[in-house]
Amino acid sequence: MLDKRLLLVLAAALCVAVLGGPPRVSSRQNPPCVTTQTPGQTGKQVKLDDCGCEQSAATEKPTYRVGAAPFGREAAPRVGRSSRVGVRRNRARTESEEDELYNGLEIPDLKDLRSPEVAGLREKVSSARQEAWRKVEKGWQSQYRGAFEREIRERIFLNGSGDFFQAEPLIGQPEDYLKPEVYREVLAHLRKNRPGFSTLEREYQRLKLIRELDERGPTLPKFDWREYGLNVGAVMHQGACESCWAFAAVSVYQSSWNLELIRSGGYWDAVQDWAEPYGLLDRFASVQQLLNCISKEKGDCESGGWHGSAFAFMVTSHVPRLADRRIYRRTTIDKIEAEGYTGKVSRCISPFRQTTVRRGGRVIVLENAGSAAVRLQRGTDRKATNFDRALAWGYVNEQKPDQLPSVAQLKQALIEHGPLAMPIHGDACFSVYRGGVFNGRGAGEVNHVMVLVGWDDEKGAWLIKNSWGEEWGEKGYGWVAYGSNNIGFGAAWIQPTPATEAQW
């Protein structure tokens, strides 16, 4: 529970934030030492020289590789207004210093977080997860036993009873009544020749493993959400726009939505009923619409932004969906166009910006999804409808968001909420990172936001997904040592509101 003193600080911070504007981070690097550029040097060479300067002053031997700068251009040393977030210090702060550190930092609405609506929806989400697991477990056991029974009956009919059984035939679990070698052979046959069986087994095992993470996840020596079948999205490239905060926020939202859909049995229902193509229920939010609609005061391409502001927008206004438009041709043929990422801010065309959007919404609906798809009224977008508000968001270090969370806190939040928005101080060496474990120890303020998807204790590092394209790091991913370059300062999560049947 938050004490009264911290509540007062947070309340004051919210007032100051309204007047002072939110903090911002920018993806342009701010090297602590800048080398002299010689005639004919390219921007890439300058970055590598700056990195060499940083490495020569480092106390630790670099455990990473460097190469050409990801942007292919020279980036000006600029961090926007991220300095308003503040930097961790070793001494205790006075109350006035606390106010200054919170100045402009977007803080979750405590009144909203404690509201009956949020409390009720959170309880509903928890109940839905429990009910989904009971349904999945029961459904899988029925499908599992039924598949074995059908296969064994067919073999008996065609080849006689043979010597299949070690216990009473077709009673109990297949692994109990079949001889071990027969059980293994039939299981392999079903997985190979019965696509429905293998798909259901995969979905059951995925949900089972994710449920087990709640207890043992933070203690695992190694973890990667992708290995649990979670779709964390493709590696994107933000280009020249200072939009790392928007890419991270949208990626975290989408990943959290996919995770909640798994936990609530959405994918299981889809593959069991074969009502819709597997994966149809994936949700897609829009970086471009977030840039267009969040307002210049909160974030743009020139001076960056803050992932907390993006999360707050998704909770208080709406999740920025793909802005699909129907274009009428003279031939009366409809053409649907999606507003893709342009790398610059344009006019906000969201029909939901000025309306009250309820929490929860509709899932993706493809125009050619078939008769089983949800039907939309003529005249509405037929590509996708995911208009809703997210349920809640928060910082990993919720008690002291102005301080770095611990490794244990980050692991716990990653397991509980899914991928996190993960800020770092991006210096010259980080910009030209090409692999290995980045172990820079720059003390600068955070100026870049990525997505945290895993860890490896043997490496002593976090696994992150960047928004600088696959040319950066290890195909767009990277390993960053625990505590390197203030990584994790301001790390945050977001909780989607799953669509319910009543909202379809």
Side-chain angles (χ1 to χ4, degrees), residues 63-64 125 129 132-133 136 202-235 247-249 251-264 267 282 307 393-398 404-424 430 433 435-439 449-467 470 472-496:
T63 56
Y64 55 94
V125 167
R129 291 178 181 177
W133 172 242
V136 169
R202 183 170 65 249
E203 192 57 37
Y204 166 73
Q205 292 294 342
R206 178 166 72 163
L207 182 53
K208 181 180 179 181
L209 289 172
I210 288 176
R211 282 182 56 82
E212 292 172 352
L213 285 175
D214 293 338
E215 295 183 1
R216 65 185 181 89
T219 65
L220 292 173
K222 185 178 181 181
F223 179 75
D224 181 347
W225 266 119
R226 297 172 300 174
E227 295 179 355
Y228 287 77
L230 180 63
N231 178 10
V232 300
V235 172
F247 273 89
S251 179
V252 167
Y253 172 81
Q254 290 185 181
S255 299
S256 299
W257 167 262
N258 292 336
L259 179 57
E260 192 57 58
L261 200 59
I262 295 171
R263 285 171 165 166
S264 59
Y267 281 115
D282 286 345
H307 56 289
W393 75 280
Y395 293 107
V396 172
N397 195 349
E398 60 181 4
L404 278 170
S406 67
V407 170
Q409 283 178 308
L410 287 166
K411 287 182 177 180
Q412 180 64 46
L414 184 64
I415 295 296
E416 181 179 350
H417 299 288
L420 308 172
M422 187 79 148
I424 191 174
F430 187 76
Y433 165 85
V437 176
F438 180 80
N439 65 335
V449 190
M450 312 159 297
V451 178
L452 174 62
V453 296
W455 71 76
D456 188 330
D457 285 339
E458 185 176 350
K459 289 184 171 74
W462 302 112
L463 176 62
I464 56 92
K465 184 182 80 167
N466 208 346
S467 56
E470 293 188 358
W472 181 88
E474 300 175 359
K475 294 187 180 298
Y477 285 80
W479 291 98
V480 181
Y482 299 154
S484 177
N485 280 29
N486 280 329
I487 188 168
F489 178 93
W493 52 267
I494 190 167
Q495 169 65 46

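Below, each value reflects all heavy atoms present in this structure, side chains not excepted, and no hydrogens, waters or symmetry copies.
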Nearest heavy-atom pair of [X] and [Y]: which atoms, and what distance?
X      : Y      : result
Val232 : Tyr477 : CG2-OH, 3.4 Å
Ser484 : Val480 : CB-CG1, 3.8 Å
Tyr482 : Asp457 : OH-OD1, 2.7 Å

Can you tell me how far the CG atom of Leu230 sits from the CD atom of Gln254, to the nearest 0.5 Å? 11.0 Å
With rounding to the nearest 0.5 Å, note down the distance linking CG in Leu207 to CZ in Arg211. 6.5 Å
Aromatic ring proximity Trp479/Phe438, centre distance under 6.0 Å: no
For residues Trp462 and Phe223, establish whether the separation of their ring centroids is below 6.0 Å. no
Considering only heavy atoms from C-beta outward, does the side chain of Tyr253 approach that of Asn258 to under 4.5 Å? no
For Phe430 and Tyr433, take the angle between the two ring planes, folded into 0 to 90°, and tell me which bin it lands in: parallel under 30, tilted 30 to 60, perpendicular over 60. parallel
Neighbour count above 12 (heavy atom, 6.0 Å) for Glu215 CD: no
Flag, side chain of Asn485 to backbone of Ile487, donor-acceptor distance under 3.5 Å: no
I'd like to know if Arg129 and Asp214 make a salt bridge, using a cut-off of under 4.0 Å between side-chain N and carboxylate O. no
